[in-house]
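To keep things clear, I will list the structure first and then write my remarks on it.
Atoms within each ligand, like the ligands themselves, are counted from 1 in listed order.
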Amino acid sequence: MLRTAASNAMRLGASRATRALSTKNADLLPPLKVAVTGAAGQIGYALVMRIASGEMLGKDQLIDLNLIETEAGMSPLRGVMMELEDGAFPLLSSVTATSDLNKGFGDINYAMLVGASPRGPGMERSDLMAANAKIFAEQGKALNTSAAVNAKVLVVGNPANTNALVASENAPDMWEEQFIAMTRLDQSRAQALLAEKAGADVKDVDRVIIWGNHSASQYPDLSHARIGGKWAKSIVKDDKWIKDEFIPRVQKRGAEVISARGASSAASAASAALDTVRDLHLGSGDAWQSNAVVSDGGYGIHKGLWYSVPTICKGDSHFRRVQRLPIDDFSAKMMTATEKELIEERDAVRHLLPGHESKPVSWNVLESLQTSFEEGDMKAVDEIAKELPAQFKKGVKTAKAAA
Ligand code: NAD
Ligand code: LMR
């Protein structure tokens with residue numbers, strides 16, 4: 001790692017690219033590896049500083065940061081490296097800059113896939129499909145080869161849901177649940193708008209749901225939302241506002257920011273990416289967090305699409321879907337409309353989907369594996385392992401040998 005950073009630093013012409021810290025301090029956890037693609041871009045710039053400060057993985061967690069950019073992005077990345085160095089972040093164990101995906105994703109625990117073109121004024125996110133989806137096919141392959149066995153991948157680059165599908169399909173040995181597309185920004189926007197309408201504090205708003213695609217077809221749903229523990233709809237008492245203002249405003253907030261800023265949202269997107277991974281890693285109690293994850297067929301949604309649903313994050317780096325919520329007719333219609341768009345997007349990138357229909361889609365299998373292992377039932381472990389993707393089979397073999 002240190003050698004990697006040093007050689008890249010030489011290539012970049014930087015004087016010092018890696019700061020090694022003493023890990024002897026017993027209060028600090030050994031480093032976790034985080035990769036960020038597009039690290040010199042608008043979101044990347046805001047994101048890496050906050051990761052380095054410990055806001056994402058905790059103030060006691062050392063971090064090895066792998067910054068991945070295109071060849072053209074290497075020069076601005078050199079400046080980002082300098083600023084990371086000048087920040088003297090005590091938790092930053094090492095920083096590596098590279099345009100080599102296998103190096104950048106080598107043994108990483110978390111990958112934040114930001115690098116992709118943003119849309120400009122007048123464009124829809126789906127207009128980015130042709131150029132951006134290819135990037136995620138390549139990155140999926142490299143993650144499959146190089147990432148740690150239990151790595152988690154957050155896709156931020158647009159069109160995020162379909163890019164996550166493409167990345168996962170190109171990583172045949174990884175679980176589909178290892179890939180999440182970001183809809184947390186939409187959730188935060190919805191929470192803020194509801195809080196403003198109700199004259200409440202945003203921290204008191206919960207159970208707002210984003211269903212479906214991170215696009216104008218998404219369905220921001222207040223059916224289950226609460227303010228200070230009370231049903232939000234009984235506080236707001238304004239269905240017309242919900243239908244005519246709240247929903248379209250959240251759906252089109254990305255475009256509203258682009259038209260005002262002349263560039264797509266960056267600091268708020270970085271914040272939402274950080275919130276997503278922080279909740280996965282450290283947990284957020286019983287709070288519901290919307291994440292676009294592979295559909296397991298719940299709520300009648302087509303299996304295998306990356307569809308945003310409410311999830312609960314307990315801090316073990318997994319999510320659990322909130323299942324079997326009651327869905328009224330209006331919600332069902334909205335949920336189907338955004339599902340239809342995701343099917344169309346999937347069909348537009350079929351050429352990038354090698355097709356691994358038999359990939360397992362449930363963490364339940366992994367949980368049974370762990371329980372059998374803990375109970376010392378190696379016969380059951382072997383039975384379950386037969387059904388696992390190759391990368392996990394390797395992990396089971398290693399764990400058995402070490403047991
Ligand atoms: P940006 O143009 O400022 O930065 C993108 C960076 O990615 C650039 O530095 C570029 O060199 C790099 N890049 C491009 N291709 C790459 C590749 N193959 N590998 C590594 N790096 C690569 O854009 P931005 O504002 O940071 O936005 C990045 C993406 O995030 C866009 O697609 C944008 O639409 C999306 N976005 C998503 C959300 C969301 O909620 N999911 C929110 C905001 C923005
Ligand atoms: C956003 O929601 O702000 C981003 O997805 C950028 C965009 O294109 O809207």
For G157, counting its heavy atoms only, list the atoms of ligand 1 lying under 4.0 Å from any of them. 29 (C), 30 (O), 32 (O), 35 (C)
Using a strict cut-off of 4.0 Å, indicate which atoms of ligand 1 neighbour a heavy atom of H214. 38 (C), 39 (C), 40 (O), 41 (N)
Axial cation check for F373 ring with K400, 6.0 Å and 45° limits: no
Go through the steps to decide whether D206 and W288 satisfy the test side-chain contact (heavy atoms from CB on, under 4.5 Å), and finish with yes or no. CA-CA 7 Å; D206 69 354; W288 295 0; over 6 Å; no
Ion pair check, K103 and D107, cut-off under 4.0 Å: no
Where do I180 and V153 land on the side-chain contact (heavy atoms from CB on, under 4.5 Å) test, with the steps shown first? CA-CA 6 Å; I180 295 177; V153 181; over 6 Å; no
I258 near ligand 2, heavy-atom distance under 4.0 Å? yes
Polar contacts were defined as any N/O atom of the residue lying under 3.5 Å from an N/O atom of the ligand; does this apply to L185 and ligand 1? no
Enumerated ligand 1 atoms positioned under 4.0 Å from heavy atoms of I135: 15 (N), 18 (N)
Option nearest atom 13 (N) of ligand 1 (shortest heavy-atom distance, choices G115, A267, A164, P76): G115
In this structure, atom 5 (O) of ligand 2 is nearest to the protein heavy atom H214 NE2, 2.6 Å
Lys/Arg N to Asp/Glu carboxylate O, D186 vs R253, below 4.0 Å: no
Starting from atom 8 (O) of ligand 2, locate the nearest protein heavy atom and write down its residue, its atom name and how far away it is, to 0.1 Å. R119 NE, 2.5 Å
Out of R189, R261, R253, the nearest non-hydrogen contact to atom 1 (C) of ligand 2 is supplied by R189
For G38, the atoms of ligand 1 under 4.0 Å from one of its heavy atoms are 6 (C), 7 (O), 12 (C), 20 (C), 21 (N)
Look at ligand 1 and say whether A266 reaches it with a heavy atom at a distance under 4.0 Å. no
I need the atoms of ligand 1 closer than 4.0 Å to a non-hydrogen atom of S117, numbered in the order shown. 31 (C), 32 (O)
Sub-4.0 Å heavy-atom contact, Q139 with ligand 1: yes
Which residue is it: S290, P310, S217, P220? I am looking for the one with a side-chain contact (heavy atoms from CB on, under 4.5 Å) to W211. P310
Considering the heavy atoms of S265, write down every atom of ligand 2 situated less than 4.0 Å from one of them. 1 (C), 3 (O)
Could you go step by step and tell me if E341 and N213 meet the side-chain hydrogen bond (donor to acceptor under 3.5 Å, both in side chains) rule? CA-CA 8 Å; E341 185 184 44; N213 202 0; 2.9 Å; yes
Atoms in ligand 1 flagged as close to G41, the criterion being non-hydrogen separation under 4.0 Å: 3 (O), 4 (O), 6 (C), 9 (O)
Can the ring centroids of Y307 and H302 be said to lie less than 6.0 angstrom from one another? no
Kindly confirm or rule out an N or O of T37 lying under 3.5 angstrom from an N or O of ligand 1. no
Relative to the heavy atoms of Q42, which atoms of ligand 1 are at a distance of less than 4.0 Å? 1 (P), 3 (O), 4 (O), 25 (O), 26 (O)
Closest approach of any protein heavy atom to atom 30 (O) of ligand 1, naming residue and atom: I43 CD1, 3.5 Å
In this structure, does ligand 2 have an atom that sits under 4.0 Å from one of the heavy atoms of N158? yes
Can you confirm whether more than 12 heavy atoms, excluding those of D286, are under 6.0 Å from its CG atom? no
Can you tell me how far CD of E245 sits from NZ of K240, rounded to the nearest 0.5 angstrom? 8.0 Å
Heavy atoms only: which of R119, E69, R125 is nearest to atom 12 (C) of ligand 1? E69
Considering only non-hydrogen protein atoms, determine which one is nearest to atom 41 (N) of ligand 1 and report residue, atom name and distance to 0.1 Å. V156 O, 3.2 Å
Rounded distance (nearest 0.5 Å) linking atom NZ of K340 with atom CD of E345: 12.0 Å
Would A269 count as a polar contact of ligand 1, with the cut-off being nitrogen or oxygen pairs under 3.5 Å? no
Quick one: CG on D64 to OG on S93, what's the gap to the nearest 0.5 Å? 4.5 Å
Looking at S265, A263, A116, the heavy atom closest to atom 5 (C) of ligand 1 belongs to A116
Can you tell me how far CE of M56 sits from OH of Y110, rounded to the nearest 0.5 angstrom? 7.5 Å
A quick test of your reading: do over 12 heavy atoms of other residues, nucleotides or ligands sit less than 6.0 Å from NZ of K134? no
Quick one: does N158 get an N or O within less than 3.5 Å of an N or O on ligand 1? yes
Selected option - heavy-atom contact closest to atom 29 (C) of ligand 1, from L128, V155, V114, L113: V114
Measure from atom 2 (O) of ligand 1 to every heavy atom in A270, P118, G254, P159 and give the option owning the shortest one. P118
the protein heavy atom lying closest to atom 2 (O) of ligand 2 turns out to be R125 NH2, 2.7 Å
Using 4.0 Å as the upper bound for N to carboxylate O, is an ion pair formed by R321 and D296? yes
Tell me which protein heavy atom sits closest to atom 17 (C) of ligand 1, plus the residue, atom name and distance to 0.1 Å. T70 CG2, 3.7 Å
